[in-house]
Structures are given as C-alpha cells and as structure tokens.
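The basis for the numbers below is simple: all heavy atoms, side chains too, and nothing from hydrogens, waters or symmetry mates. Every chain is numbered from 1, with letters handed out A, B, ... down the list of sequences. All figures in this text were calculated on a predicted structure; none of them were measured in a lab.
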Amino acid sequence: MDTVDLARLQFALTAGAHFLFVALTLGLVTLVAVIQTRATISRSPVHVGMTRFWGQLYIINYAMGIVTGLVMEFQLGMAWSGLAEFAGNVFGSALALETMVAFFIESTFLGLWIFGWDKLNRWAHLALIWIVALTAYASAFWILVANGFLQNPVGYRSDGHTLHITDFGAMVANPAAMVALGHVLGGAMMVGGFFMAGVSAYHLLRRTPEQDFFRKSLRIGAGVALPATMVTAAFGGVGFATLQPGKIAAWTGDADRAAAVQAEMTALHGPGDYLPPVEWVQAGALTMLILFGIMFFLSGLNFVLMLIRPVVHGFRAWHVVLIAAIPLPFGAMIGGWVFREVGRQPWAVYGLLTTEDAMSPVGDGVMRFSLIAFTAVFAALTVINSWLLARTARRGPAAVGLGARPAEKPEPVPAF
Amino acid sequence: MEIFILAFFALGYLVLAGADIGVGMALPYLGRTPGERREAIAAIAPFFLGNEVWLVVTAGVLAGLFPELEGELLSGNYPLIVALLLSWVVRDTGLWLRGRLDGRLWQGWWDGAIVAGSWGLALSLGGLLGHVLLGMTGPLALLPVAALAALFGTHGLAFAALRLRGELRRRAGVLSGGAGEGRTYALTAAALMVVGVLAGLRLPLEPGTSGAVLGPAVLAMMPLMVAAQAWVWWTFRHRVTGPSYL
C-alpha cells in the first residue's frame, strides 16, 4: 500500500468506528430524552428506572463516540492538509460551527446531566437531556453539511488555488447534505430502536423480575423502529437522485455509463482514472439494501406483535429474533457509508480535488506507525466497550451506577 | 477578530483542561488507595468533559478561520499530534471506564491509564508548545517539555487543593506553602496563559477568507458557550464530599 492508501485506511477506520457508535448515541439519546420526559411528568418509578438504565448504556456508548470523534477531527488537518488548504475556507466553516454549536454545548451539558443527577431541579435536569439530544442532531447537521460539500460542492468560488465562500446559505441547503441528514437520522433511530427492543427481549426471555419495565421498553424500541425505517427509506430513495454519475455507473455496473463518465472527466481534468472501485461500491450498496429489506419486514412484524401483551411477555422465539436483529442496522449503516464515500472516489472534493492531492506531505513510516497505533487502540477500546455495554445491558436495571444516590452525603463546603 | 477567537479557546483550554491533566498526573501522589484515587478524580469529574472541548473548538476554529495554519501545524507536527491524541484517548477511556466495575485489577488498570494518558498529554502539549515557541530540536528540546509538564502538574495540584478535603487537600497544597490555594491557582493559570500567548505570537496567524461569514456567528455564540460552562462551575462550586459517578 502506498502512503495515501494508508492515510485513507486510517481515516476510514476512525470514521467507521465513530459512525457506528454515534449512530447508537443519536438514537438512544432521543429515546432517553422521551423516557425522562415521561418520568419527570409522571414521577413513576419505572420510568425513572428506565431513564437511568438506558441512560447508562447511552453514556458508555457516548464515551467511544467522543474519543473516535476527537481523532477524526484532528486527522483532517494532520493527514489531509491539502484538503484544508484547498477547501478549508469553505467547508472548514461547517466544521468550526459543529465544534461550537454542537460538540461544545453537548459535552458541557452532558457533564452537567451526568454529575448533576439529584443536584439540579428535575425540570432543569430534563431540559439538559433535551439540549444534549438537540445538539447531537446539530452535530450531525453540520458534519453532513461539510460532507455534502465534499460530495457536491456548492456556494463557492475558486481562485485557482483555493476555494472561498460565496453563498453560505447554498452550502447549508445543499441537497447532498440535507437528504443525507434525514437518511442518517432515520438510520440512527433504527439503530436505537432495534437496540432497545433487542435488549428488552433478552430480559423478557430470561424472565428478569422487571417485566413491566422491559415490556414498556420493548414497545418504545419497536414502536420507533417502524417509522424510522420508513423515514430512512424515503430519504434514501430521494438520495439516489443526487448521486454522482461515477457512483451510479459503478452501482449499476453499466459499462457504457462508466465509459461516458471517464471520457467526460478526462476531457475536463486530463488523463487519469476517474471511476470508483466497482466491487466496493456494489458490496456496500448490496449489504445496505439486503439488511434493509430484512429490517423492513421485521419492523412491520415487530410493530404488530408488540401490541399483544401475552406475546410480548411469552413469545420466546420472537425474543431470540429481536436479540439477533440488534447488529442489523449497524451493518446497514456501514454498508451505506461505504457506498457513499467509496463511490465518490477518486475525489476528495468532487470534481475539484483528488484524494491523492488532498493528502499531507507526511512520510510513509510515520503514517504506518500512526495507523498501527490508532488501529490497535481503537480495536482494544471497541472490544472493551462493546463487552461493557453488553454486560451492563445483561445485568439489568438493579446494577446501574448512573443516578445512584451515594451512601453518605455530608454537607458540602464552598470551594470557590 | 479571528485571532481573538483562536486565543480565547486555546487559552481557555490550557487553563481549564490543564488542571484536569495535572490532577491526572498527580493521581498516584494524591490518592494512595483506590478509594482516595476515586475521590481525587471526583475533583475533576464534572468538569473534564466540558474542559477538553475547548481544544476541540480550538481545532474547529483553526479549520474554519485558519485552514492553512491548521494544515501546517497539525501535519507539520504529525508525530506529536499522534502522541497527543493517543494520550487523550487513553486518559479519557480511563476516566470513563474506571468506575464502571468494582474489581481492584480493573480500577488499578484504568487508574494507570489515567496517569499515563495525563502525562502523555502534558508531555506532547509541552513538546508542541516548546517546538512552536523555541523551535528547538534534539535532546535540549526536552528541557521546555519537562518545564511545561511540571507547570501542568503544579496547576493540577493547585486546582485539586481548591476542590478536595482533608488529607487529600493537604497533599495537594504541598507546593503552595503559605501562599493560599486561590492565589497559587491564579499564578499557575497566568503562567499557562503567558506560555500560550507567547507561542501564539510565534505562529503565522494569517486568517483565511471565511471570517466575514463565520466570525460574527462565532462571536454571537461565545456568550452562550461561556454561560453554559458557568452553569457547570456554579453547580459544582463546592468541595468534593465523596466519590462521583466516575
């Protein structure tokens, strides 16, 4: 592999890991906010317990999203300084706004939500989780504005060396960004819904004492998954209309189309290979579509079955199916992401800057070292975190640390 | 305007998150038992998440307002940034995971991760600031690195002295002598800001062209961001009274 492939692999592994954890974060935080709203209004102990249990799983998962997110943000400048220098004046603004409007506020208020449990007024505490949820959406919004610009650059002018903003509104309203936002948020709700339904099914199968707790949770998960599936499909369908010609040619495997794209690009940019790798694009799209088909069928079935109380408690084969379905939306997310990002190649900024030219002048040895180091650390963390997530999910609501009252609580003294 | 925005977030990071780094470095000294270490971590627990994002925003400001400098600074110091990020990830993972299980081995391992990650953060930030400030290479470049790591450590102890109680507070106050806890913290904070400003003056601070669009939006956001943080500081203004969620 040459250096640019190493840099791409490094970015792909970081972004891919980030995307998976963040999808669950986005889905779960919405559900936790809804459940906490119910708990705050009704003060019912079962909803308070649900807020703590699902909130705990959300936080364990959030930690992975944040550490992979940090590395991803810095990697743009580290390994892709050519992109920063060429397009930073335009798409860098979306990244900057993401860090302020979203990341900064989200982290600050999440800290307050975790550590302020029982310290804050309960309505203020509820407001915090809603702000955290909305800023998580804002984060997805600005990141997809940045990504949308790379997919379909709009609202800029070029001086030959670098790009400059001419129409900020056009960049934000970019269909390549807004359609993807609806698609990804729908997908995140599918991840969250299938996760909640699957974990609840595990406890119903094991006949955990908290039957009421997990029946309610299963219904929330399955109830959200069906509309989320439809939203995802609708935006995904519209998205097919905004694909780059090279991506369509690779997906359809149409040799005439591919030749036309190659000829047109060669006329514009000189000789070169302007087609994305067909196998990757097709494998990504097929993984997404097949898994999606299964989930579409399942979420309809789940929606009907969850309405019948004896079935929710006693249909053990269905519980097993729900548990087995937890990984499906993750697989579809990754497949769709590979389709979207590999299908844009060989461009970093479509039609303007190739991935090769986007790379920093960094040596092969250094790149190899950082790739190995990040991969090793993230692989270990992914294993540990997934294990901890599964363990916390299995042990159920009794063992949750989040929002637990400390044993002794002496009078606090002001520090500053 | 662009330079003011960059300085605001970079200096904010050094002062606020610098204390978290220092407490992590001094963890084996502050807490001699797992229980004591957990209490020492409670000094920074509610803050570290809101503090580390100041560096995230600094990187965002570089990406949006100084794209050329961002590329130069991050790709030009590639190994140092890798070390910084790996340390950051290890430190954060230690903080997040430590309290999730009870086993001694588990907590000891993640305590080690917090300490190693905090030292790694201090050393790589020291290396980065030292390189920008003095442009030194070779073994002599280790001197400013060591000096800055010592500054982070002292700053952390000063913060811990303000937040902890009893024996832990006494240990944290070891370097202040009779100077007073608040005054020591102010002094180490000022020293970190001076280093940050001097390093900033050495950078080629040539803004890009998005300032006219992005700058006013950022300036409008800043009071909101500070207010959000002030809510955290106000809620956790008291001394630590026991272990936290971490």
What option among B/V89, B/T209, B/V82 has the most heavy-atom pairs under 4.5 Å with chain A?
-> B/T209
Kindly indicate, with the supporting measurements, whether the criterion side-chain contact (heavy atoms from CB on, under 4.5 Å) is fulfilled by A/F103 and B/V57.
-> CA-CA 8 Å; A/F103 209 147; B/V57 173; over 6 Å; no
Looking only at non-hydrogen atoms, find the nearest pair between B/L74 and A/M78 and report the distance.
-> CB-N, 3.7 Å
Give a yes or no on this: more than 12 heavy atoms of other residues, nucleotides or ligands lie within 6.0 Å of atom CZ of A/R122.
-> yes
Residue part contacting chain A, namely of B/M225, when any heavy atom lies under 4.5 Å | both
Taking atom CZ of A/F104 and atom CZ of B/F9, what is their separation to the nearest 0.5 Å?
-> 6.0 Å
Would you name the heavy atoms of A/V366 and B/P79 that are closest together and state the gap between them?
-> CG1-CG, 4.3 Å
Using non-hydrogen atoms and a 4.5 Å limit, figure out which bit of A/I131 sits close to chain B: side chain, backbone, both or neither.
-> neither
Is there a side-chain contact (heavy atoms from CB on, under 4.5 Å) between B/L97 and A/N385 once you walk through the steps?
-> CA-CA 9 Å; B/L97 295 186; A/N385 244 65; 3.8 Å; yes
In Å and rounded to the nearest 0.5 Å, what is the CH2 to CG distance from B/W234 to A/L112?
-> 13.5 Å
Taking atom CG of A/L402 and atom CZ of B/R100, what is their separation to the nearest 0.5 Å?
-> 8.0 Å
For A/M100 and B/V61, run side-chain contact (heavy atoms from CB on, under 4.5 Å): C-alpha distance rounded to whole Å, both residues' side-chain angles, the deciding distance at 0.1 Å, then the answer.
-> CA-CA 9 Å; A/M100 292 176 205; B/V61 169; 3.4 Å; yes
Check step by step if ring pair (Phe, Tyr, Trp, His ring centres under 6.0 Å) holds for B/Y245 and A/W117.
-> CA-CA 10 Å; B/Y245 165 79; A/W117 216 287; 9.0 Å; no
Using non-hydrogen atoms only, which part of B/V56 is less than 4.5 Å away from chain A: side chain, backbone, both, or neither?
-> both
Sequence neighbours excluded - salt bridge (charged side-chain N to carboxylate O under 4.0 Å, His left out) pairs with any residue from residues 81-99 of chain B = B/E52-B/R91, B/R98-B/D111
May I ask you to check whether over 12 heavy atoms, not counting those of B/W106, lie within 6.0 Å of atom CH2?
-> yes
Here the gap from A/L70 atom CG to B/L55 atom CG, rounded to the nearest 0.5 Å, amounts to 8.5 Å
Given B/L101 and A/L388, is the side-chain contact (heavy atoms from CB on, under 4.5 Å) satisfied, shown in steps?
-> CA-CA 9 Å; B/L101 295 183; A/L388 187 64; 4.2 Å; yes
Options A/S107, A/P361, A/S360, ranked by heavy-atom pairs under 4.5 Å with chain B, top entry | A/S107
Check: A/F109 ring centre within less than 6.0 Å of B/W231 ring centre = yes
Do B/Y78 and A/S370 get their side chains close enough for a donor-acceptor pair, meaning under 3.5 Å?
-> yes
Might you confirm whether atom CD of A/E356 has over 12 heavy atoms from other residues, nucleotides or ligands at distances under 6.0 Å?
-> no
Heavy-atom closest pair, residues B/W88 and A/F74 | CZ3-CE1, 3.7 Å
Option that, when pairs with chain A are counted at under 4.5 Å, heavy atom only, ranks first among B/S75, B/G50, B/A217 = B/S75
State, to 0.1 Å, how close A/N89 and B/G208 come at their nearest heavy-atom pair, and which atoms those are.
-> OD1-CA, 3.2 Å
Heavy atoms only, distances under 4.5 angstrom: which of B/L84, B/L49, B/L73 has the most pairs with chain A? Name it, please.
-> B/L49
Residue part contacting chain B, namely of A/F168, when any heavy atom lies under 4.5 Å = side chain
Would you say B/D102 has more than 12 foreign heavy atoms packed within less than 6.0 Å of its CG?
-> no
Please determine, among A/L110, A/L95, A/V362, A/I165, the option with the most heavy-atom pairs under 4.5 Å with chain B.
-> A/V362
Turns out that what part of A/V90 lies under 4.5 Å from chain B's heavy atoms comes down to neither
Compare every heavy atom of A/S81 with every heavy atom of B/G71, then report the nearest pair and how far apart it is.
-> CA-CB, 3.4 Å
Can you establish whether the number of heavy atoms outside A/R391 located under 6.0 Å from its atom CZ is more than 12?
-> yes
Would you mind checking which part of A/L128 comes under 4.5 Å of any heavy atom in chain B, side chain (CB onward), backbone (N, CA, C, O), both or neither?
-> side chain
Which answer fits A/F86, side chain, backbone, both or neither, if we ask what part of it has an atom under 4.5 Å from a heavy atom of chain B?
-> neither
Heavy-atom closest pair (A/S93 atom, B/S210 atom, distance to 0.1 Å) is OG-CB, 3.9 Å
Which salt bridge (charged side-chain N to carboxylate O under 4.0 Å, His left out) pairs, counting each pair once, include a residue from residues 72-100 of chain A, with sequence neighbours left out?
-> none
Contact leader toward chain B among A/I114, A/V377, A/T68, A/T108, where contacts are heavy-atom pairs under 4.5 Å = A/T108
Is any side-chain heavy atom of B/W96 closer than 4.5 Å to a side-chain heavy atom of A/I60?
-> no
Side chain from CB out, backbone as N, CA, C, O: work out which of these in A/I66 comes under 4.5 Å of a heavy atom of chain B, or both, or neither.
-> side chain
